[in-house]
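Data first, discussion second: the structure below is written as structure tokens.
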There are 2 protein chains.
Amino acid sequence: MSDAAFLADPSPAEAADALRDADDRAVALYGACELAYDGRATSTLPVGRRHVLHKPDGTLLAHAATGHQPVNWLAPGATLSVSVEDDELRLHGERDGETLDCRFTHVSHVSLLPLDDADAEVSGTEDDLRERVLADPDLISEGFRPLATERDTAAGPVDIYGEDADGTRVVVELKRRRVGPDAASQLDRYVDALARDLHADAAVRGVLVAPSVTDRARHLLAEAGHDFVPLTP
Amino acid sequence: MSDAAFLADPSPAEAADALRDADDRAVALYGACELAYDGRATSTLPVGRRHVLHKPDGTLLAHAATGHQPVNWLAPGATLSVSVEDDELRLHGERDGETLDCRFTHVSHVSLLPLDDADAEVSGTEDDLRERVLADPDLISEGFRPLATERDTAAGPVDIYGEDADGTRVVVELKRRRVGPDAASQLDRYVDALARDLHADAAVRGVLVAPSVTDRARHLLAEAGHDFVPLTP
DNA sequence: AAATATATATCGCTA
DNA sequence: TAGCGATGTATATTT
């Protein structure tokens with residue numbers, strides 16, 4: 001792969017050439033530009049100083065002064081067109097009917113950056129929580145026996161499906177974070193679906209496993225007769 | 001605000017000084033670094049070439065070759081500590097019990113970038129959809145009369161609350177995108193809650209407004225007796 | 001390609 | 001501050 005390269009105060013044509021010669025390098029642009037997105041919604045931004053990053057996978061990110069999120073972007077897979085019109089650098093990204101246009105009134109800096117890809121090994125996810133429950137099923141309730149993970153139902157796959165000490169079928173829904181009403185509804189859908197899958201009169205117990213639960217979710221769980229088991233990943 | 005500044009091949013100490021002198025400017029670093037995140041989860045990445053952006057609001061973003069999402073990050077509000085140890089630049093970000101450490105084995109480039117903030121005017125949102133329905137309530141059903149928006153219930157605020165041509169109470173839930181089972185459950189919660197708020201025997205009709213629905217969601221709606229109105233923002 | 005659920009989601013609003 | 005829902009959510013997995 002080519003080396004990193006940096007251009008200070010390039011002309012629009014030089015900036016355009018840099019973008020075209022990027023190969024597998026990411027391109028970071030700094031300058032003043034106007035942004036216009038159209039696709040899932042429509043958004044325009046007046047000229048302002050931004051940091052624009054184009055990755056070799058087509059990702060296009062325009063960052064303003066604040067926030068984790070780019071102020072405008074295109075997801076991976078976009079194709080970029082570069083041109084110079086009226087002595088201005090213009091980027092036109094397109095992907096799946098979405099477009100993002102950047103009109104640079106001034107380009108202050110262009111960097112060509114070889115970046116390494118890397119999958120971060122993340123732990124503390126819902127998968128880890130599941131491993132923990134499977135390793136010690138008594139965490140759910142004394143004598144709980146897991147029978148399957150990702151068991152399919154009409155409502156979708158259930159995190160853990162198993163049996164109580166007294167033979168009652170149990171649906172376990174795992175959440176790594178404090179849960180709200182959505183998780184209670186989700187568990188409810190699974191329990192309903194499983195009860196039908198089995199038999200009209202089959203008793204199915206629902207268990208929500210999470211670090212904690214909001215009041216409203218606790219209420220929903222109680223109403224539906226489901227249990228909550230506090231457990232932190 | 002200070003001007004933009006660019007440093008090529010800075011020493012670790014020079015890079016650290018640049019970060020400390022950033023004032024209200026964002027700092028973009030390019031080089032090889034090892035990343036370690038700990039907080040809501042745990043993640044480590046071996047040394048690799050990355051693009052790291054630190055914004056004046058504390059946001060810290062580390063980008064690898066692919067993807068919209070940073071490979072590691074801290075949300076706005078983080079505080080950054082900069083140091084040089086073993087002749088290496090080290091960043092330590094901290095926020096609300098979360099930490100992100102960047103150990104640079106080599107810094108190739110540092111930029112100090114004044115960025116403008118900007119709120120993008122976005123159209124095509126759920127708010128726009130609501131305006132459209134309020135302007136032409138017949139879109140819901142012939143003779144529908146909106147009575148309130150964001151009407152509070154025990155389950156949360158309802159998008160639009162109103163009355164049918166025949167006086168039946170109606171709960172309208174708006175979605176700007178194709179909806180799945182979650183939206184059907186949400187509408188169901190609202191309808192249940194409103195029926196209780198009013199009277200035990202009050203009939204409440206649920207209407208989901210969205211461009212389209214998935215099969216499973218359609219089933220859930222049908223089971224609960226709710227209606228679907230196709231409408232694209 | 002479509003559907004479904006997760007995420008270190010982030011962001012904005014409201015009580 | 002916590003809860004709650006929207007987001008141009010992105011991303012992974014499975015069908």
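Just so it is clear: chains get the letters A, B, ... in the order the sequence lines come, proteins before strands, and each one is counted from 1.
- If you take CG of B:D96 and P of D:dT1, they are 9 Å apart, rounded to a whole angstrom.
- With hydrogens and angles ignored, no donor-acceptor pair closer than 3.5 Å exists between the side chain of A:D215 and the base of D:dG3.
- A sub-4.0 Å separation between OP1 or OP2 of C:dA3 and a side-chain N or O of B:R218 is absent.
- Within the 4.0 angstrom heavy-atom criterion, no nucleotide atom of any strand lies near B:P157.
- Remark: B:E163 engages B:R145 in a salt bridge, criterion side-chain N to carboxylate O under 4.0 Å.
- Taking atom C1' on both C:dT6 and D:dT7, the two are 15 Å apart, rounded to the nearest angstrom.
- A:A155 comes within 4.0 angstrom of the backbone, heavy atoms only, and of no base.
- Figure legend. C:dA3 is base-paired to D:dT13; pairs are counted as Watson-Crick or G-U wobble with both atom distances under 3.5 Å.
- Of all non-hydrogen atoms in B:V191 and B:G206, the two that sit nearest each other are CG2-CA, 3.6 Å.
- Here the P atom of nucleotide D:dA6 and the CZ atom of A:R40 are 17 Å apart, to the nearest Å.
- The two residues B:V179 and B:A217 come nearest to each other via the heavy atoms O-CB, 3.9 Å.
- Nucleotides of DNA chain C nearest to B:V213 and B:Y37 differ in position, and the one nearer the 5' end is that of B:V213.
- Considering only heavy atoms from C-beta on, B:L129 comes within 4.5 Å of B:L231 through its side chain.
- Closest approach to the B:Y190 side chain among D:dG5, D:dT11, C:dC11 is made by D:dG5 (side chain taken as heavy atoms from C-beta onward).
- Ranking D:dT11, D:dG8, C:dT10 by closeness to the B:W73 side chain, first place goes to C:dT10.
- At whole-Å resolution of the value, CG in A:D128 and P in C:dT6 are 15 Å apart.
- Note on A:R103 versus A:E34: salt bridge recorded, some NZ/NE/NH1/NH2 to OD/OE distance being below 4.0 Å.
- Straight-line distance from the CZ atom of A:R176 to the P atom of C:dA9: 5 Å, rounded to whole Å.
- The nearest heavy atom of DNA chain C to A:D159 and to B:R95 marks one nucleotide each, and the one closer to the 5' end goes with A:D159.
- Atom NE2 of B:H92 is surrounded by more than 12 heavy atoms from other residues, nucleotides or ligands within 6.0 Å.
- When distances run from any side-chain atom of B:R189 to the nucleotides D:dG8, D:dG5, C:dA5, the shortest one goes to D:dG5.
- Between B:R130 atom CZ and C:dC13 atom P there is a gap of 12 Å when expressed in whole angstrom units.
- When the C1' atom of D:dT11 is taken as reference, atom CD of A:E126 falls 14 Å away, rounded to whole Å.
- When the nucleotides D:dA6, C:dT4, C:dA7 are ranked by their closest atom to the side chain of B:T214, C:dT4 comes out on top.
- Computed from coordinates, the A:D152 CG to C:dA5 P distance equals 11 Å when rounded to whole Å.
- In terms of position on DNA chain D, the residue among B:G67 and A:R216 whose nearest nucleotide sits closer to the 5' end is A:R216.
- Residue-level contact check: A:T125 touches the backbone only, with heavy atoms under 4.0 Å from sugar-phosphate atoms and none from bases.
- Counting any heavy atom pair closer than 4.0 Å across all strands shown, A:N72 reaches a base atom.
- Mapping B:V122 and A:D182 onto DNA chain D by nearest heavy atom places A:D182 at the nucleotide closer to the 5' end.
- Dashed line: the shortest gap from a side-chain N or O of A:R177 to OP1 or OP2 of C:dA5 is not under 4.0 Å.
- The CD-C1' distance, from A:Q186 to C:dT4, rounds to 9 Å in whole Å.
- Spacing of P atoms, C:dC11 relative to D:dT11, comes out at 16 Å, to the nearest Å.
- Residue B:L100 is out of contact with every strand shown, counting any heavy-atom pair closer than 4.0 Å.
- Using a 4.0 Å cut-off between a side-chain N of Lys or Arg and a carboxylate O of Asp or Glu, A:R130 and A:E150 qualify as a salt bridge.
- Nearest to the side chain of B:R178, among C:dA5, C:dA3, C:dT8, sits C:dA3.
- Ranking C:dT6, C:dC11, C:dA5 by closeness to the A:Q69 side chain, first place goes to C:dC11.
- Distance from the side chain of B:E173 is smallest for D:dA6 among the nucleotides C:dT8, D:dA10, D:dA6.
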